Number of protein chains: 2
Amino acid sequence: MARTPQDITDAELNVLQVLWDQGTATVRELTEKLYRECTLSLTATVQKLLERLEGKKCVKRDRKTWPHQFSAILKREELIARQLQTTANKLCEGELNPLLTCLVKAKGLSAEDRQSLRGLLDQLDMDTK
Amino acid sequence: MARTPQDITDAELNVLQVLWDQGTATVRELTEKLYRECTLSLTATVQKLLERLEGKKCVKRDRKTWPHQFSAILKREELIARQLQTTANKLCEGELNPLLTCLVKAKGLSAEDRQSLRGLLDQLDMDTK
DNA sequence: TATCGTACAGACAGATCGTCTGTCTCACAA
DNA sequence: TTGTGAGACAGACGATCTGTCTGTACGATA
């Protein structure tokens, strides 16, 4: 049976992280940021990762500039949401609520966290009224 | 670079799902549930998956019975929590809060959902008082 | 026009993962 | 006790994924 490939690979994610930080970057900048050096082969590697990310509509490339300028299309929050939906599909028949419950029950939620969460909920109540 | 293998594989997860439903099962029962038939090779496949799950401490095997009875050690909620932590590590520097925010902001959270979530929060307030 | 960095295509190797084959062992019936 | 069928276990294979590299074409700058 065909294994389901991960939509965003580890190496691809590293590239995305830099783009999220910088906003926009060239291959050279990305390579140096990621590998702390910039050889020919490393550049090609990053180039390939960008190519794949472009194919996945996660990154866009400005071909009018030289060298090309790359920037992220996919926002960090969108990726988070996508990942959450994926785990929900795998483990909760697509329902997001069980994830919420799990998160809230997990330790590491301070009183302030709870308070700000209540704020968010109130906000939602207002919006849908 | 070594790719990071996924802790629980798709096929392994399918086995776990059945165990979560049934509570306990033999290889034969699992195979029939998963593949709707029970050939020699399919049985071996399930056997191998169980072996790997056992190695990962997700499943335990009762060797006193014949055939062996298998049951899940890892609970569904625990796996959910683990998955959430994994995405948090990849995308939020380990912080769970951003996930919460994402989830709450996502559509598909009804008024009742919000209300029950408030209940959960109140519960937590009580506990930590 | 020579040179250097970038773009692009293609390929490769290591690893993962689902699957299968083969052998041994156990329980049960004849 | 022995034969039989199902399960346990070990090992291996092959498709696929994924990070990386090589090779070639292209574009800009001196």
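What you see is a predicted model; the values in this text were computed from it and never measured. Residue numbers begin at 1 in each chain, while the letters A, B, ... track the order of the sequences.
The side chain of Gln6(B) places an N or O atom within less than 4.0 Å of a non-bridging phosphate oxygen (OP1 or OP2) of dC17(C).
Side chain of Thr9(B), nearest nucleotide from dT18(D), dC17(C), dC8(C): dC17(C). Checking dA8(D), dG18(C), dA10(D) against every side-chain atom of Glu51(B), the shortest atom distance belongs to dA10(D). With dG7(D), dT20(D), dC26(D) as the candidates, the nucleotide lying closest to the side chain of Thr45(A) is dT20(D). Comparing dC17(C), dT18(D), dT22(D) by their nearest atom to the side chain of Ala44(A) picks out dT22(D). Residue Leu42(B) has its side chain nearest to dC20(C) when only dA7(C), dG18(C), dC20(C) are considered. Of all nucleotides listed (dC9(D), dC8(C), dA6(D)), dC9(D) comes nearest to the side chain of Arg61(B). When each of dT18(D), dA8(D), dA7(C) is scored by its nearest atom to the side-chain atoms of Phe70(B), the top-ranked nucleotide is dA8(D). Of the candidate nucleotides dA7(C), dG18(C), dC8(C), dC8(C) has the atom lying nearest to any side-chain atom of Arg63(A). Checked against dC17(D), dC17(C), dT6(C), the side chain of Pro5(A) finds its nearest nucleotide in dC17(D). Checking dA10(D), dC20(C), dA8(D) against every side-chain atom of His68(B), the shortest atom distance belongs to dA8(D).
Here the shortest heavy-atom pairing between Ala81(B) and Cys102(A) reads N-SG, 4.4 Å.
A donor-acceptor pair is defined here as one N or O able to donate and one able to accept, closer than 3.5 Å; no such pair exists between the side chain of Thr9(A) and the backbone of Ala11(A). For Glu78(A) (side chain) and Lys75(A) (main-chain N/O), a donor-acceptor pair under 3.5 Å exists by modelled atom type.
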Below 3.5 Å, can you tabulate the donor-acceptor pairs from side chains in residues 43-52 of chain A to any protein atom, sequence neighbours excluded?
{"from": "Thr43(A)", "atom 1": "OG1", "to": "Thr39(A)", "atom 2": "O", "distance (Å)": "2.7"}
{"from": "Thr45(A)", "atom 1": "OG1", "to": "Ser41(A)", "atom 2": "O", "distance (Å)": "3.1"}

Side-chain donor-acceptor distances from residues 116-123 of chain A under 3.5 Å, at least two apart:
{"from": "Ser116(A)", "atom 1": "OG", "to": "Asp113(A)", "atom 2": "O", "distance (Å)": "3.0"}
{"from": "Arg118(A)", "atom 1": "NH1", "to": "Gln115(A)", "atom 2": "OE1", "distance (Å)": "3.2"}
{"from": "Arg118(A)", "atom 1": "NH1", "to": "Asp125(B)", "atom 2": "OD2", "distance (Å)": "3.4"}
{"from": "Arg118(A)", "atom 1": "NH2", "to": "Asp122(B)", "atom 2": "OD1", "distance (Å)": "2.9"}
{"from": "Arg118(A)", "atom 1": "NH2", "to": "Asp125(B)", "atom 2": "OD2", "distance (Å)": "2.6"}
{"from": "Asp122(A)", "atom 1": "OD1", "to": "Arg118(B)", "atom 2": "NH2", "distance (Å)": "2.9"}

Contacts table for residues 29-38 of chain B: side-chain donor-acceptor under 3.5 angstrom, sequence neighbours left out:
{"from": "Glu29(B)", "atom 1": "OE1", "to": "Thr26(B)", "atom 2": "N", "distance (Å)": "2.9"}
{"from": "Thr31(B)", "atom 1": "OG1", "to": "Val27(B)", "atom 2": "O", "distance (Å)": "2.7"}
{"from": "Glu32(B)", "atom 1": "OE2", "to": "Arg28(B)", "atom 2": "NH1", "distance (Å)": "3.2"}

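We find that NZ of Lys64(A) is positioned 17 Å from C1' of dG27(D), with the value rounded to whole Å. As a whole-Å value, the separation of Leu49(A) CG from dC21(D) C1' is 12 Å. Atom CG in Asp62(B) sits roughly 16 Å away from atom P in dG7(D) (whole-Å rounding). In this structure, Gln47(B) atom CD and dC26(C) atom P are separated by 15 Å, rounded to whole Å. Summarising the geometry, the separation between CH2 on Trp66(A) and P on dT29(D) is reported as 10 Å, rounded to the nearest angstrom. Between Leu53(B) atom CG and dC17(C) atom C1' there is a gap of 13 Å when expressed in whole angstrom units. Between the CG atom of Leu50(B) and the P atom of dC17(C) there is a distance of 17 Å, rounded to whole Å. Atom-to-atom, CD of Glu54(B) to P of dA10(D) comes out at 10 Å; the value is rounded to the nearest Å.
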Distances under 3.5 Å only, N/O to N/O: pair up the protein atoms with those of nucleotides 11-15 of chain D.
{"from": "dG11(D)", "atom 1": "N7", "to": "Lys48(B)", "atom 2": "NZ", "distance (Å)": "3.3"}
{"from": "dG11(D)", "atom 1": "O6", "to": "Lys48(B)", "atom 2": "NZ", "distance (Å)": "3.3"}
{"from": "dA15(D)", "atom 1": "N3", "to": "Arg3(A)", "atom 2": "NH2", "distance (Å)": "3.1"}

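With sequence neighbours left out, Trp20(A) forms a side chain to side chain contact (heavy atoms under 4.5 Å, CB included) with Leu13(A), Leu16(A), Gln17(A), Ala72(A), Arg76(A), Leu79(A), Leu91(B). Remark: Lys56(A) pairs with Glu12(A) by the side chain to side chain donor-acceptor pair (under 3.5 Å) rule, at least two apart or across chains. The side chain to side chain donor-acceptor pair (under 3.5 Å) test applied to Glu77(A) returns no partner, not counting sequence neighbours. For the side chain to side chain donor-acceptor pair (under 3.5 Å) test, residues two or more places apart in sequence or in another chain that qualify with Gln69(B) are Thr24(B).
Note on residues 88-103 of chain A: pairs passing salt bridge (Lys or Arg N to Asp or Glu O under 4.0 Å), not counting sequence neighbours, are Lys90(A)-Asp10(B). Applying the salt bridge (Lys or Arg N to Asp or Glu O under 4.0 Å) rule to pairs touching residues 59-68 of chain B yields Glu54(B)-Arg61(B), Glu54(B)-Arg63(B), sequence neighbours excluded.
Using cut-offs of 30° and 60° for the angle between ring planes, the His68(B) and Phe70(B) rings count as tilted.
For DNA chain C, the neighbouring residues in residues 34-41 of chain A, judged by any heavy atom under 4.0 Å, are Leu40(A). The stretch residues 20-28 of chain B comes close to DNA chain D through Val27(B), Arg28(B), each having a heavy atom under 4.0 Å from the strand.
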